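Treat the numbers as computed from the prediction; the structure is a model and nothing was measured.
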Amino acid sequence: MNENIQNKLAILPDEPGCYLMKDRQGTIIYVGKAKILKNRVRSYFTGSHDGKTQRLVSEIEDFEYIVTSSDLEALILELNLIKLHDPKYNVMLKDDKTYPYIKITNEKYPRVLITRKVKKDKAKYFGPYPNAGAANETRKLLDRIYPYRKCNNLPDRVCLYYHLGQCLAPCVKEIDTKVFDEMTEEISKFLHGGYEEVKENLEKKMIEAAEKLEFERAKEYRDQIQHIETVMQKQKMVTGDLSNRDVFGYAVEKGWMCVQVFFVRQGKLIERDVSTFPIYRDPEEEFLTFIGRFYDIPEHIKPKEVFIPSTIEQSILEKLLEIKVITPKRGSKKQLVDLAMKNAKIALSEKFQLIERQEERTIGACEELGNAMNIAAPLRIEAFDNSHMHGTDAVSAMVVFIDGKPAKKEYRKYKLRETAAHDDYGAMQEVIRRRYTRVLKENLPLPDLIIIDGGKGQMEVAREVIEDELGLFIPIAGLAKDEKHNTSQLLYGEPPVPVDMKRTSDGFYLLQRIQDEVHRFAITFLRQQHQTNAIQSVLDEIEGIGPKRKQQLLKSFGSVKKIREASIEELKNAKIPTKLAESIYNHFNKDNTLSTD
């Protein structure tokens, strides 16, 4: 704990609020809320903690806090701050499901669609549905019952749906928008569980049609009734009413939380959502924050009510969500909450070993690497490699690993501008200079460790740029390879010496992954450049071919090989002028006699 933190801890207020933890670069890494700021923030720096919390605390170099007037205000502020800063320790590990919804579009003549994305577009969304099949069956049922618009773009003539009586043809007829408003209201009521009323109306129409001897029409009504019963009553009822509700349960073990959410629609349990994530404070507080963030995701539409376990403060959630929050005490509703809690416990137990192992191979590997090098755990590592093709097309590449995992959005490619392809030291100096000059200019995060795919010479030229030119002090290591081109050893220090690491350790395995990844990324870029340059050099030799014509040829034929094999007629079919087609053919067939007959 540094002196700055000690001084701030001494003056923390006895009031509710939010706190923002920062690392040595001033980046916000965690946001939390507290009923009493003084107690909560001090707790991070006193007593013993599990490995995850120790890791968080080890990165804290400073903190800020904001006092609020109530716990609810603190919770709302916390959610907004997490959304704004996206701190790395406020993770929410979701299962990767996206659920289908039925959407009634907000248009003059609405359509009914299936979508997996919920947007703020004033449309109406219903769901989620357990799978796309269930959603499609329901939509097909609506197609048969309601004559809403079916076409994406209005055509200039009526279609088959109109002749089947399933569309009012707003494409060619002026339909009063009130008709569609009423239809939208009816569909909404149907999807909210009012299909029994629709079924009764269809039964009346069936009887009337039969009395008028309109047996075909009566049969259509009968088929629709049967279809409603098949589609809407497939699943077992779990409650006696038809309410839409989300049922929450959670389990906590070894500093991790698993939350299970059961989606109950029209009284049926149709799907569940599972989230597993590390926690750094009281489970009840983490659970409140989770629910606030859960409904901030557009796909999670608030139902009419929410069921929660009895351990959670009901009043704060009601004010936050602005919907009814219930803690069931007995009966089938309590059994639902108990079932969610039980599923959360089972899921956490099953996944815990996997989570633990993944943590060992990622953040744990960073800590092991830091201990071996006698530096702080390098949670952000940037690695460089140079490559060229027999002295041409020289390129460099950089990969970034954060918390032991590749951060592919931060990878960078470099075409060498100033250095000869054979000058490996010059290439390393150029790319290191370009990278960290930009980092300083744009105030980007600095790495905790720079890894050079090379030995002592490459390390030294990188150090000259980093320390002597730019005035930065970042640990620089080199990765040497053996005669089989496998990662052999890590070099570090001045002068560089091998770092003692077991080859079977997670730290060494992390180095292997970094070296393989940066080499793969560099080689892939090199091949792309070589192919592009080869294509350019061949086609550039032909008079009359500029950048646009080159693009046109490659788009039509796909490769230089196919252009080389093309006949004059095939070139002309690709919209190449006759004279240019003959020039291209002649260029690739110099030994043949050209015939234009």
Side-chain angles (χ1 to χ4, degrees), residues 14-21 30-44 46-47 49-50 52-53 56 65-66 68-82 87 89-94 245-262 273-296 300 302 305-329 333-334 336-349 352:
D14 294 325
E15 296 186 60
C18 287
Y19 51 92
L20 302 89
M21 303 299 196
Y30 185 69
V31 171
K33 71 172 184 65
K35 293 180 180 179
I36 301 174
L37 279 167
K38 181 171 69 175
N39 295 349
R40 167 59 61 201
V41 179
R42 282 182 178 177
S43 70
Y44 287 96
T46 56
H49 302 291
D50 58 34
K52 292 181 303 67
T53 308
L56 165 63
Y65 59 88
I66 302 169
T68 59
S69 58
S70 67
D71 291 349
L72 176 61
E73 199 175 293
L75 177 57
I76 293 170
L77 176 59
E78 179 195 28
L79 296 173
N80 289 332
L81 290 172
I82 290 172
Y89 282 102
N90 290 98
V91 294
M92 200 157 115
L93 305 178
K94 304 284 293 172
R245 58 174 64 97
D246 291 345
V247 181
F248 287 84
Y250 71 90
V252 177
E253 186 182 350
K254 298 179 184 177
W256 285 81
M257 176 178 276
C258 177
V259 180
Q260 295 254 345
V261 188
F262 289 164
D273 183 278
V274 186
S275 301
T276 311
F277 48 93
I279 61 173
Y280 303 95
R281 51 190 173 151
D282 295 339
E284 291 74 18
E285 291 184 12
E286 294 281 5
F287 184 75
L288 283 172
T289 301
F290 171 84
I291 294 185
R293 295 179 70 191
F294 185 82
Y295 287 114
D296 203 36
H300 296 154
K302 289 180 190 175
E305 60 188 25
V306 162
F307 287 1
I308 61 170
S310 58
T311 54
I312 305 303
E313 195 171 336
Q314 187 176 327
S315 58
I316 286 187
L317 264 183
E318 280 199 332
K319 291 173 184 173
L320 175 70
L321 301 179
E322 298 179 338
I323 57 175
K324 193 174 183 180
V325 177
I326 298 170
T327 304
K329 303 296 183 186
K333 294 179 180 179
K334 185 176 184 301
L336 261 182
V337 176
D338 291 343
L339 187 62
M341 297 283 279
K342 182 179 179 181
N343 274 272
K345 188 174 182 180
I346 292 169
L348 191 57
S349 297
F352 199 77

*Under the side-chain contact (heavy atoms from CB on, under 4.5 Å) rule, collect the residues that match up with Arg281, sequence neighbours excluded.*
Tyr19, Tyr30, Lys33, Arg40, Tyr44, Glu78, Glu285, Glu286, Thr289

Between [X] and [Y], is any pair of side-chain heavy atoms under 4.5 Å apart?
X      : Y      : value
Phe287 : Thr311 : no
Asp246 : Tyr295 : yes
Ile66  : Leu20  : yes

From [X] [atom1] over to [Y] [atom2], what is the distance, rounded to the nearest 0.5 angstrom?
X      : Y      : atom1 : atom2 : answer
Asp71  : Ile36  : CG    : CD1   : 9.5 Å
Gln260 : Lys345 : CD    : NZ    : 13.5 Å
Thr276 : Glu253 : OG1   : CD    : 11.5 Å
Asn90  : Ile82  : CG    : CD1   : 4.0 Å

Considering all heavy atoms, the nearest [X]-[Y] contact:
X      : Y      : result
Val252 : Pro283 : CG2-CB, 3.7 Å
Val274 : Cys258 : CG1-SG, 3.9 Å
Cys18  : Leu81  : CB-CD1, 4.1 Å
Ser69  : Pro16  : C-CG, 4.3 Å
Val261 : Phe248 : CG2-CE2, 3.3 Å
Phe307 : Arg245 : CZ-NE, 3.1 Å

Using side chain to side chain donor-acceptor pair (under 3.5 Å) as the criterion, list what pairs up with [X], not counting sequence neighbours.
X      : answer
Tyr89  : Glu59
Asn80  : none
Tyr280 : none

*Could you check Ile308 against Ile291 for side chain to side chain contact (heavy atoms under 4.5 Å, CB included), going step by step and ending with a plain yes or no?*
CA-CA 10 Å; Ile308 61 170; Ile291 294 185; 4.2 Å; yes

Between side-chain atoms of residues 315-329 and protein atoms elsewhere (two or more places apart, or another chain), which donor-acceptor pairs fall under 3.5 Å?
{"from": "Glu318", "atom 1": "OE2", "to": "Val325", "atom 2": "N", "distance (Å)": "3.0"}
{"from": "Thr327", "atom 1": "OG1", "to": "Gln314", "atom 2": "OE1", "distance (Å)": "3.3"}

_Are Phe277 and Phe290, when compared by the centres of their aromatic rings, separated by less than 6.0 Å?_
yes

*With sequence neighbours left out, what residues match Phe262 under ring-ring contact (aromatic ring centres under 6.0 Å, His included)?*
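For Phe262, no residue satisfies ring-ring contact (aromatic ring centres under 6.0 Å, His included) once neighbours in sequence are set aside.
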
*For the pair His300 (side chain) and Arg293 (backbone), establish whether a donor and an acceptor sit closer than 3.5 Å, ignoring hydrogens and angles.*
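Such a contact is absent between His300 side chain and Arg293 backbone.
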
*Please lay out, stage by stage, how Ile312 and Tyr250 fare under the test side chain to side chain contact (heavy atoms under 4.5 Å, CB included).*
CA-CA 11 Å; Ile312 305 303; Tyr250 71 90; 4.0 Å; yes

_A quick test of your reading: do over 12 heavy atoms of other residues, nucleotides or ligands sit less than 6.0 Å from NZ of Lys302?_
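Check passes, neighbour count above 12.
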
